[in-house]
Amino acid sequence: MKRALIYGILGSLFFAFTFVFNRSMNISGGYWLWSACLRYIFTLPIMLALVAKRGNISAVHNAIRQSPMGWLLWSTVGFGLFYGPLTMSSVYGESWFISATWQITIVCGILCTPLFGKSIPIKGLLWSVVILAGIALLQTTHLSEESAVTAGEMMTALGLIILAAFSYPLGNRKMMAICPPEVDSISRVYGMTLCSMPFWLVLSGYALTVTGIPSQGQIVQSFIVALFSGVVATVLFFAATDMVRHDPKQLAVIEATQSGEVIFTLIGGVLFLGDPMPTMGGLLGIAVIVIGMIGNSLSSAN
């Protein structure tokens with residue numbers, strides 16, 4: 001469990017690059033749809049090289065041939081309906097605002113548990129509510145000050161993030177159920193990236209007709225997101241969830257480590273985007289999130 005927890009926290013660190021760079025690309029005029037598509041287009045060859053080095057390409061392709069519709073459906077849900085809406089939401093607020101709201105996925109992941117024939121871990125759900133209380137405090141503090149985010153934009157971003165927040169854990173868990181034992185977490189990320197590619201290619205064609213070819217800066221930043229978030233973070237998080245896949249309580253704890261993204265994104269926003277330091281209310285919100293994470297971890301051992 002300790003190893004899985006460390007992997008989850010490290011994954012949240014690398015996931016934070018998504019929010020910082022997506023916001024950076026929006027500020028510089030990049031089209032959000034290119035930011036989403038390029039991440040997975042760049043991720044595919046990197047994951048292919050990793051899986052090929054491990055000699056597991058044939059195992060993945062055989063697994064896909066055994067259940068092609070399942071792979072296409074849940075890869076599109078887990079990657080496409082997760083990252084498309086999440087990237088679009090970055091248009092409506094600062095990187096930390098989107099990252100904080102994204103933590104709704106903690107509760108969404110727990111609420112998905114009955115879909116797999118298991119009961120909801122009540123203690124984990126209660127601690128997740130604490131985490132969300134900290135997130136709400138962050139958001140309330142931000143909106144009560146001078147902010148470019150309007151109430152309408154906040155609701156739009158919230159709707160997009162709720163869709164993404166349900167899609168990510170649902171697609172991940174469905175694919176864990178479909179994958180045979182010989183397909184490990186790294187191979188699963190490659191297979192899901194491959195099977196979500198029709199979704200991304202269609203959206204890329206649309207983006208090309210709307211804005212043309214993306215700028216060099218957007219291409220470079222998208223590659224960084226692909227490497228850090230699409231490969232490193234995703235592999236770490238999937239490996240962590242694989243370690244505890246048969247225990248819904250511990251699985252909820254690993255998914256709760258994603259709340260660390262808020263802290264890492266705040267730091268990244270201040271250092272790279274020039275975002276102001278949070279006020280005392282914001283710092284209190286961060287403290288509540290950390291308390292929720294620790295409480296969730298401790299409750300799983302009871």
Side-chain angles (χ1 to χ4, degrees), residues 1-16 18 43 46-47 50-51 53-56 59-60 63 70-71 74-75 77-79 82 102-103 105-125 127-128 131 165-193 228-261 263-264 290 292-302:
M1 177 58 187
K2 289 183 179 179
R3 185 179 179 186
L5 190 61
I6 291 172
Y7 279 14
I9 294 173
L10 286 175
S12 73
L13 169 62
F14 284 98
F15 271 131
T18 294
T43 297
I46 299 173
M47 294 306 305
L50 287 175
V51 176
K53 184 177 180 180
R54 297 161 63 91
N56 213 22
V60 180
W71 275 87
W74 297 116
S75 297
V77 171
F79 283 177
F82 145 62
W102 164 244
Q103 304 316 310
T105 193
I106 298 166
V107 175
C108 293
I110 293 176
L111 294 178
C112 286
T113 302
L115 297 177
F116 299 88
K118 298 179 180 179
S119 60
I120 293 177
I122 300 300
K123 289 183 180 179
L125 182 60
W127 280 112
S128 294
I131 294 172
F166 271 108
S167 298
Y168 190 63
L170 180 60
N172 180 25
R173 295 186 188 187
K174 284 290 188 180
M175 286 310 308
M176 283 194 293
I178 291 176
C179 285
E182 61 269 19
V183 178
D184 59 15
S185 57
I186 294 177
S187 301
R188 177 157 51 90
V189 173
Y190 160 68
M192 291 181 68
T193 304
F228 287 176
S229 297
V231 178
V232 178
T234 304
V235 169
L236 283 170
F237 180 67
F238 277 20
T241 55
D242 271 347
M243 293 177 187
V244 295
R245 62 193 297 175
H246 300 299
D247 189 326
K249 292 183 179 180
Q250 293 189 357
L251 187 58
V253 171
I254 298 306
E255 289 175 344
T257 62
Q258 293 175 88
S259 39
E261 295 167 15
I263 301 171
F264 296 129
V290 173
M293 290 176 62
I294 296 173
N296 206 351
S297 300
L298 294 176
S299 69
S300 69
N302 299 327

>> Thr234 vs Phe79, test: side chain to side chain contact (heavy atoms under 4.5 Å, CB included). Steps then yes/no.
In response: CA-CA 10 Å; Thr234 304; Phe79 283 177; 4.3 Å; yes

>> Restricting to non-hydrogen atoms, name the atom on Ala165 and the atom on Cys108 that form the minimum distance, rounded to 0.1 Å.
In response: O-CB, 3.5 Å

>> Ignoring hydrogens, what is the shortest heavy-atom contact between Phe264 and Ile9? Give both atom names and the distance.
In response: CE1-O, 3.9 Å

>> Side chains of Leu13 and Glu261, heavy atoms from C-beta outward: is any pair under 4.5 Å?
In response: no

>> Would Val189 and Val231 count as a side chain to side chain contact (heavy atoms under 4.5 Å, CB included) here? Give the steps.
In response: CA-CA 8 Å; Val189 173; Val231 178; over 6 Å; no

>> Would you compute the distance between atom CZ of Phe15 and atom CG of Leu236 and round it to the nearest 0.5 angstrom?
In response: 8.5 Å

> Can any side-chain N or O of Thr43 pair as donor or acceptor with the backbone N or O of Thr193 at less than 3.5 Å?
Replying inline: no

> Where does the angle between the aromatic ring planes of Phe82 and Trp102 fall among parallel (under 30°), tilted (30 to 60°) and perpendicular (over 60°)?
Replying inline: tilted

> Which heavy atom of Ala233 sits nearest a heavy atom of Gly11, and at what distance?
Replying inline: CB-O, 3.4 Å

> Please walk me through it: do Met47 and Val235 pass side chain to side chain contact (heavy atoms under 4.5 Å, CB included)?
Replying inline: CA-CA 10 Å; Met47 294 306 305; Val235 169; 4.0 Å; yes

>> Just so I know, are the side chains of Met192 and Trp74 near enough to count as touching, which here means a heavy-atom distance under 4.5 Å?
In response: no

> With side chains defined as the heavy atoms from C-beta onward, is the minimum distance between Thr241 and Met176 less than 4.5 Å?
Replying inline: yes

>> A side-chain contact here means heavy atoms from C-beta on lying under 4.5 Å apart; do Ser185 and Tyr190 qualify?
In response: no

> In Å, rounded to the nearest 0.5 Å, how long is the span from OH of Tyr7 to OG of Ser12?
Replying inline: 15.0 Å

> So Asp184 and Arg54, side chain to side chain contact (heavy atoms under 4.5 Å, CB included) or not? Walk me through it.
Replying inline: CA-CA 11 Å; Asp184 59 15; Arg54 297 161 63 91; 2.2 Å; yes

>> Please verify the inter-ring angle class for Phe237 with Tyr168; under 30° counts as parallel, over 60° as perpendicular, anything in between as tilted.
In response: parallel

> Of the non-hydrogen atoms in Arg188 and Asn172, which two are nearest, and what is the gap between them?
Replying inline: NH1-OD1, 2.8 Å

> Under 3.5 Å, is there a donor-acceptor pair between the side chain of Ser229 and the main chain of Thr18?
Replying inline: yes

>> Quick check: closest heavy atoms across Pro169 and Thr105, and the distance to 0.1 Å?
In response: CD-OG1, 3.6 Å

> Do any N or O atoms from the side chain of Ser187 and from the backbone of Asn56 form a donor-acceptor pair under 3.5 angstrom?
Replying inline: no

